[in-house]
Structures are given as structure tokens and as C-alpha cells.
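Notes follow once the structure below has been shown.
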Amino acid sequence: METIRTPSIMKQTSRRLQMQGRSVGLVPTMGALHEGHLFLVKRARMDNDIVVVSIFVNPTQFGPNEDYEKYPRETDNDIEKLIKAGADILFAPDVQSVYPEGFSTSIEVGGITKKLCGLFRPVHFSGVATIVNKLFNMVTPNRAYFGQKDFQQTRVIETMIADLNMNVEFIRCATVRESDGLAMSSRNRFLSPEGRAAATTIYKTLSSAAEQVKAGVPPPEITEHMNEALRAEPLVEVVQYAGVYDPLTLDEKKASGGSSLLAIAAIIENTRLIDNIVIEV
Ligand code: AMP
């Protein structure tokens with residue numbers, strides 16, 4: 001596996017790959033890789049000649065009081081995992097080369113970015129859309145792979161690709177979970193053993209809500225149950241949102257039937273955890 005550390009070399013390399021007619025799959029990440037990330041890499045491996053994984057802890061998607069500084073960084077470990085998963089290129093630029101002095105452009109996707117996570121993380125999706133756009137320009141992938149765990153992020157990227165006529169095929173991959181259902185996340189390591197145990201309440205709440213959706217319980221009632229279940233866990237410090245949403249608009253659903261996004265954002269031991277399930281009835 002080759003490691004590339006500057007945007008200019010990445011661009012040269014992607015031009016060469018394009019000229020050779022080789023298809024490129026991109027998996028954007030912030031590192032501290034786990035099986036969820038590696039699932040995307042393996043999927044990209046099946047579909048493309050060349051798999052590029054980016055590791056970049058993107059400062060512009062973190063708010064002022066968020067965990068940018070303490071976000072785990074462990075590139076040596078990540079490199080070993082990526083070699084095993086079959087990646088061809090690791091693109092790991094530094095902040096200075098991605099945002100040089102004078103950088104002043106950002107991508108704003110409207111509508112859906114103002115809901116759910118966007119209500120609590122006002123700069124987040126603009127930071128995400130901007131860095132993903134930049135990565136697309138640097139890597140020029142044929143396909144890009146994102147995890148359903150960050151469902152709203154997948155909707156934002158999908159919308160950006162469509163709205164800006166980008167020449168990238170978007171691929172959403174299923175959420176990879178621990179054996180007790182907790183969605184894998186680089187942030188799970190911030191939890192104490194007690195916090196880790198309490199975090200299982202998130203997937204349990206989603207799963208029982210999914211049963212209620214299937215049984216035709218009205219969404220407002222399900223939302224109430226979800227909030228009650230989360231609040232019953234003493235280590236859940238804040239429930240930012242929990243409910244039943246339309247997967248396209250991300251608005252709260254009022255009536256049963258059709259597609260439902262069950263989504264939760266909660267804070268446990270100062271760690272913000274999100275998870276979701278999408279159900280078709
Ligand atoms: P991150 O490093 O957290 O920015 O995540 C990089 C990519 O991996 C994003 O597309 C995430 O949605 C995806 N991802 C993170 N956790 C998981 C998971 N448990 N299962 C599947 N994909 C995931």
C-alpha cells in the first residue's frame with residue numbers, strides 16, 4: 001500500500017490512474033479504524049481496480065466545543081489494518097495542505113442539514129460537504145463509500161452529488177455492530193465499562209421501535225417510547241433527538257407506513273453517540 005501525504009501528489013496519482021483507465025473507489029474516514037470502516041474498504045475492493053482510503057480529521061466539521069483535539073489519531077495502527085483489508089492507497093494529508101492560508105470556500109447543502117444532527121452541530125455538515133467535495137476533486141473516484149451509521153451524512157453527500165452533477169457513484173453500506181448491537185464508532189473508546197454497557201440501550205431502543213413500526217404503532221407514540229426508554233438509563237446524560245423520521249426529508253413522521261428512519265443521538269459520559277435503523281413497511 002502506498003501512502004500519499006499531499007494533495008498535489010494525490011492529484012497527480014489520480015490523473016495517472018484515470019489515464020490508465022483504472023476505476024477508483026474512495027473511502028473517506030477520520031481514522032482510528034474499526035470493522036465498520038474496514039467493511040467499506042472491503043466493499044470498495046470488490047467494485048474497483050484501485051481502493052483509496054483517506055484519513056483526515058477534518059477540523060471544519062467540528063464545532064468549537066466538540067472533540068476535535070481529543071479525537072483519536074493512530075495512523076500506524078490504521079496502516080496495518082488497511083493493508084490487511086486490501087487498500088491500495090492511503091491518502092493522509094495534513095491540515096495545512098488541505099486548508100492553506102487564504103482558504104475561503106465552503107459547500108452548503110440546504111434543507112436536510114438544518115435538521116436532526118444539524119440542530120446541535122450547526123457547522124458540521126458544511127464542513128463535511130466541503131471536505132468530501134475536496135476529496136472528490138483530489139482523488140477523482142468513480143465510486144465513494146459511506147456508512148449508514150451516519151445516515152444524515154449519507155443524505156447530505158447524496159444530495160450534494162446530485163445537485164452539483166458530480167461524476168461519482170454514491171454507495172451506502174450497512175452499519176457494522178458489536179455483538180451486543182452497539183454500532184462501531186471511533187468514539188466508543190471514550191466510554192468507561194459502565195458507559196459502554198449503558199450505550200447498548202441505544203440499539204435496544206431502536207430495535208424495539210422497529211418492532212413497533214412493523215406493528216403499525218403511530219410514529220408519535222413510538223417516539224415517546226424511545227425517549228422514555230433512553231431516559232430510563234441513568235448514564236444517558238442528554239437525548240438530543242430520538243424518533244421516527246422520513247428518510248428523504250428527515251422530518252418527523254406523523255403517520256405509519258412507507259419508509260421510516262428510526263434515529264437517535266444521545267450523550268453518554270460526555271460522548272456523543274448516534275445510530276439509526278431504516279425500515280420499509
Ligand atoms: P468516520 O471515520 O467516523 O468519519 O467514518 C468514516 C466512514 O465510515 C463514514 O462513511 C461512516 O459512516 C463509516 N462508518 C463509521 N462507523 C461505521 C459502522 N459502524 N459501520 C459502517 N460504517 C461506518
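Each ligand, and each atom within it, is numbered from 1 in the order the structure gives. Here the structure is a predicted model, which means the values were calculated and not measured. Quick note: numbers below take in every heavy atom, side chains included, and nothing from hydrogens, waters or symmetry partners.
Within 4.0 Å of ligand 1, protein heavy atoms come from Pro28, Thr29, Met30, His34, Gly36, His37, Leu40, Tyr71, Phe146, Gly147, Lys149, Asp150, Gln153, Ala174, Thr175, Val176, Met184.
Taking Gln240 as the reference, Arg272 meet the side chain to side chain donor-acceptor pair (under 3.5 Å) condition, with sequence neighbours excluded. Remark: Glu66 pairs with Arg121 by the side chain to side chain donor-acceptor pair (under 3.5 Å) rule, at least two apart or across chains.
Atoms NZ and CG, on Lys11 and Asn137 in that order, are 7.5 Å from each other to the nearest 0.5 Å.
Residue Gln148 forms a side-chain hydrogen bond (donor to acceptor under 3.5 Å, both in side chains) with just one option from Asn276, Thr154, Thr175, and that option is Asn276.
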Output side-chain donor-acceptor pairs under 3.5 Å for residues 76-85, partner residues at least two apart or in another chain, one line each.
{"from": "Asp78", "atom 1": "OD1", "to": "Leu33", "atom 2": "N", "distance (Å)": "2.9"}
{"from": "Asp78", "atom 1": "OD2", "to": "Ala32", "atom 2": "N", "distance (Å)": "3.0"}
{"from": "Lys81", "atom 1": "NZ", "to": "Leu33", "atom 2": "O", "distance (Å)": "2.8"}

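Salt-bridge formation is detected for the pair Asp251/Lys115: a Lys NZ or Arg NE/NH1/NH2 atom is positioned less than 4.0 Å from an Asp or Glu carboxylate oxygen.
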